[in-house]
**Student:** 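Let me begin by handing over the structure; questions about it come next.
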Amino acid sequence: MRTSWADSVAAAENPASGSSANNGSVRTTSALTRPAYVPPHLRNRPPSSDPPAPANSGSTSGADRSGYGAPLGGSRWGGGPRNDYSRSGYSGGGGGWNNRSGGWDRGREREVNPFGDDDPTEQEFSEQENSGINFDAYEDIPVETSGDNVPPPVNTFAEIDLGEALNQNIRRCKYVKPTPVQRHAIPISLAGRDLMACAQTGSGKTAAFCFPIISGIMKDQFAQRRPRGRVAFPLALILSPTRELSMQIHEEAKKFAYQTGVKVVVAYGGAPINQQLRELERGVDILVATPGRLVDLLERARVSLELIKYLALDEADRMLDMGFEPQIRKIVQQMDMPPPGVRQTMLFSATFPKEIQRLASDFLSTYIFLAVGRVGSSTDLIAQRVEFVHESDKRSHLMDLLHAQKANGVHGKQALTLVFVETKKGADSLEHWLCINGFPATTIHGDRTQQEREHALKSFKSGHTPILVATDVAARGLDIPHVAHVVNFDLPNDIDDYVHRIGRTGRAGKSGLATAFFNENNTSMARALAELMQESNQEVPAWLSRYAARSSYGGGKNRRSGGGRFGGRDFRRDSSYNRGGGGGGSGYGASGGYSGGYGPGMTSAWD
DNA sequence: AAAAAAT
């Protein structure tokens, strides 16, 4: 028996935990056991120094896989059936992990150790808070999948054979076992399937799309990575809506890719382009970018998307909304990117309005829809409060809250407060007001220079200025540990934006508090807000219920119609879609375990 | 109407 780290974790798992339901629409209630405790002195134990065994690592749950057409067990690189390979014309091959002998092998030269643990007497790196995920909070999370031949979820990283180098990085990140979104999304991606995934950020989304991409690139020894002339040819593209989020994804992806030979480069606006160009010239496998800068690079012909095999959109619903859609279409449809079916496309977000799903199906091929119950936002982990505060009273009310926090000793580095406002001017003016009133605050918004934005974020994260006033630039995806309190000083006009904002607290299964100031300007939000709070077992004030009953159905363009207690629902299951046919869901409902498909009126256990 | 995203 092998005794690698991954296997020992597997052995510690409940051996009877495989849930093998895998076809059609599946409701899985995770019954995960508590994570095995690994004493600190054993946590960074090096894995077995044996060369990676080419097969059998799927054996821990092999029995569960019966019935699934393309078994996950068995060799991943020895020429076994790999959809993504056959699709792109590679015939498989007998390489091995870490064998990137394509002749151009500079990936590992002087690679900075992103873990900072080069010292063998290494310390736990305490700043990385993505460790210590509270897995208890992830138990009994509802999961829904739909689509044809959905690969079954896994329960351990050991079952998914990602390779030694990646396993070691997973271990260094102290990811003991996969989060729910990872359990489901990684097998789907490894099977080469397109994916639309609804899962709260902070639930391990980034790893869910990075692991399969890195693993796939490592296996692909024939991939052409060498720049031709000054043009870079990334194999994977990860797009996100803000610069800071792109930076964050880049940082995380670098950890996952450490010593795998897979090179990750980031490109975003507001920063000098020359340095980014130099990085690109040195070779890139995974490009993380914001849309504007990428379009610039494409127009300068410094990047070609010709070899893209993996496309991931983070915060995909934002990427496809009115502001971004034209740029995304240009990048994905009007440049040299391979079409859906040739590349593999993965869309992730915590929210997925129906209209956006319809739009998104243009970019996908026979995809699987995955919804994982919200971990961060819509559970008891975030206590949501709504207070009626007139516009003119907001500042003094905020001051009261901050004073109370201070009096309770809830302030400083371990209890950051994130205050959302509607406008950039409003952000500046509130920050100034807080500062002159003795509260150390800073601000982040689109009118600040990139340097100022980055400095503000750093100063906030470090606790130097424990109050951050922000516009929606900070609403999505940013992983800021120790945000104890999110204040919606101005409520957004869209309930999904509210969901993303409050998701900045209660990260990784920790608890948090969200306070919203509501007044007569927000009546259109009353109904959606009351519903959301009710769904997440929050106490809804009577006055808010009265507003909700009075108001027409508002809450922005997206109301959570049809069973909202759950992050999202596959729009292909709506009767309107089935009647009207249309968008991209080719193959949907054809066999694959949908008993009878979804005709009009067909409902599921979720309704 | 506002925010974000290229210079």
Side-chain angles (χ1 to χ4, degrees), chain A residues 201 237-250 265-277 280 287-303 313-332 334-335 349-351 353 356 391 418-431 443-454 456-457 468-478 488-501 504 519-525 554-558:
Chain A
T201 45
L237 178 62
I238 300 171
L239 292 172
S240 97
T242 66
R243 297 163 183 174
E244 286 76 13
L245 185 53
S246 281
M247 295 169 62
Q248 179 181 302
I249 295 166
H250 176 235
V265 173
V266 68
Y268 53 83
I273 200 168
N274 283 331
Q275 198 180 330
Q276 293 171 7
L277 287 172
L280 289 167
L287 178 58
V288 184
T290 49
R293 177 55 61 90
L294 177 60
V295 168
D296 189 3
L297 292 167
L298 291 167
E299 284 173 350
R300 292 173 190 231
R302 300 298 296 265
V303 169
L313 301 193
D314 201 5
E315 307 298 341
D317 61 332
R318 167 64 84 228
M319 302 304 282
L320 295 172
D321 80 4
M322 287 204 321
F324 275 118
E325 197 219 345
Q327 279 177 300
I328 300 301
R329 279 201 188 276
K330 173 159 193 175
I331 292 165
V332 177
Q334 290 157 34
M335 306 301 289
S349 183
T351 52
I356 302 284
E391 210 61 41
L418 181 51
V419 183
F420 281 105
V421 297
E422 195 61 24
T423 66
K424 295 178 278 198
K425 278 189 170 176
D428 278 335
S429 108
L430 182 58
E431 178 225 18
T443 182
I444 184 167
H445 59 70
D447 273 356
R448 304 201 82 194
T449 67
Q450 192 55 29
Q451 227 182 2
E452 287 171 328
R453 287 166 56 157
E454 285 167 32
L457 201 52
L468 179 66
V469 183
T471 59
D472 269 329
V473 70
R476 285 172 173 260
L478 293 188
N488 273 292
F489 188 90
D490 301 319
L491 269 169
N493 294 313
D494 188 303
I495 191 66
D496 283 348
D497 291 334
Y498 174 85
V499 168
H500 284 273
R501 285 178 176 189
R504 293 321 95 210
N519 61 35
E520 50 284 337
N521 297 326
N522 310 116
T523 51
S524 69
M525 285 286 293
K557 45 195 190 295
N558 334 294

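Order of the sequence lines fixes the chain letters, A, B, ..., with proteins taken first and strands second; residue numbering starts at 1 for each chain. Below, all heavy atoms of this structure are taken into account, side chains as well, without hydrogens, waters or symmetry copies. All values reported here derive from a predicted model rather than from experimental measurement.
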**Student:** Answer yes or no: is there an ion pair linking A:D428 with A:K424, defined by an N-O contact shorter than 4.0 Å?
**Tutor:**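 Result for this pair is no, no salt bridge flagged.
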**Student:** Compare the minimum distances between each of B:dA4, B:dA6, B:dA2 and the side chain of A:H445, then state the nucleotide with the smallest one.
**Tutor:** B:dA4
**Student:** Could you please name the option among B:dA2, B:dA6, B:dA5 that lies closest to any side-chain atom of A:E422?
**Tutor:**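 Selected nucleotide (nearest to the side chain): B:dA2.
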**Student:** So, does A:T471 get its side chain near the phosphate of B:dA2, meaning an N or O under 4.0 Å from OP1 or OP2?
**Tutor:**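 Checking B:dA2 against A:T471, no side-chain N or O comes under 4.0 Å of OP1 or OP2.
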**Student:** Any idea which of B:dA2, B:dA4, B:dA6 is nearest the A:E299 side chain?
**Tutor:** B:dA6
**Student:** Round to the nearest Å and state the distance from A:L245 atom CG to B:dA5 atom C1'.
**Tutor:**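 Whole-Å distance recorded here is 13 Å.
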**Student:** For A:H500 and B:dA4, give me the distance from atom NE2 to atom C1', rounded to whole Å.
**Tutor:** 14 Å
**Student:** Looking across every strand, which nucleic acid part, if any, lies under 4.0 Å from A:D296 by heavy atom: base, sugar-phosphate, or nothing?
**Tutor:**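 Result for A:D296 = base.
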**Student:** How long is the line joining CZ of A:R448 and P of B:dA3, in whole Å?
**Tutor:**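 Checked: the CZ to P distance equals 15 Å.
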**Student:** Take the protein atom CG of A:D490 and the nucleotide atom P of B:dA3, then report the distance between them rounded to whole Å.
**Tutor:** 11 Å
**Student:** Closest to the A:K424 side chain: B:dT7, B:dA5, B:dA3?
**Tutor:** B:dA3
**Student:** Without decimals, in angstroms, what is the distance between A:N522 CG and B:dA1 C1'?
**Tutor:**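 Spelled out: CG on A:N522 to C1' on B:dA1 is 14 Å.
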**Student:** Over all heavy atoms of both residues, which pair between A:D490 and A:E422 is shortest? Give the atoms and the distance, please.
**Tutor:** OD2-N, 2.8 Å
**Student:** Within the supplied structure, the quantity of interest is the number of heavy atoms (other residues, nucleotides, ligands) at a distance under 6.0 Å from A:E520 CD; does it exceed 12?
**Tutor:** yes
**Student:** Whole angstroms only, please: what is the CD1-P distance between A:I331 and B:dA4?
**Tutor:**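 So the two atoms are 19 Å apart, to the nearest Å.
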**Student:** Applying a 4.0 Å non-hydrogen cut-off, can you work out what A:V295 is touching in the nucleic acid: base, sugar-phosphate, or nothing?
**Tutor:**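 Nothing, no heavy atom under 4.0 Å.
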**Student:** Please report the distance, rounded to the nearest Å, between NZ in A:K425 and P in B:dA3.
**Tutor:**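 Spelled out: NZ on A:K425 to P on B:dA3 is 10 Å.
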**Student:** Measure from CG on A:L313 to P on B:dA4 and round the result to the nearest Å.
**Tutor:** 20 Å
**Student:** Which part of the nucleic acid, if any, lies within contact of A:G323, taking any heavy atom under 4.0 Å across all strands shown: a base, the sugar-phosphate backbone alone, or nothing?
**Tutor:**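 Contact class for A:G323: base.
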**Student:** Do A:V421 and A:T443 have side chains that get closer than 4.5 Å, going by heavy atoms?
**Tutor:**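 They are not in contact (no side-chain heavy atoms under 4.5 Å apart), so the answer is no.
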**Student:** Can you check whether A:R453 has a side-chain N or O nearer than 4.0 Å to OP1 or OP2 of B:dA4?
**Tutor:**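 A:R453 to B:dA4 OP1/OP2: no side-chain N or O under 4.0 Å.
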**Student:** If the cut-off is 4.0 Å, is A:T242 near the phosphate of B:dA5, judged by side-chain N/O to OP1 or OP2?
**Tutor:** no
**Student:** Anything under 3.5 Å between a donor and an acceptor, one on a side chain of residues 241-248 of chain A, the other on a protein residue two or more places apart or in another chain? List them.
**Tutor:**
unit_1	atom_1	unit_2	atom_2	d
A:T242	OG1	A:L245	N	3.2
A:R243	NE	A:G269	O	3.3
A:R243	NH1	A:Q450	OE1	2.9
A:E244	OE1	A:R453	NH2	2.7
A:E244	OE2	A:Q450	NE2	3.2
A:E244	OE2	A:R453	NE	2.8
A:E244	OE2	A:R453	NH2	3.3
A:S246	OG	A:S240	OG	2.9
A:S246	OG	A:A289	O	3.4
A:Q248	OE1	A:D479	N	2.7
A:Q248	NE2	A:G477	O	3.0

**Student:** With a 4.0 Å cutoff (strictly under), does any side-chain N or O of A:R243 reach OP1 or OP2 of B:dA6?
**Tutor:**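 Yes, A:R243 has a side-chain N/O under 4.0 Å of OP1/OP2 on B:dA6.
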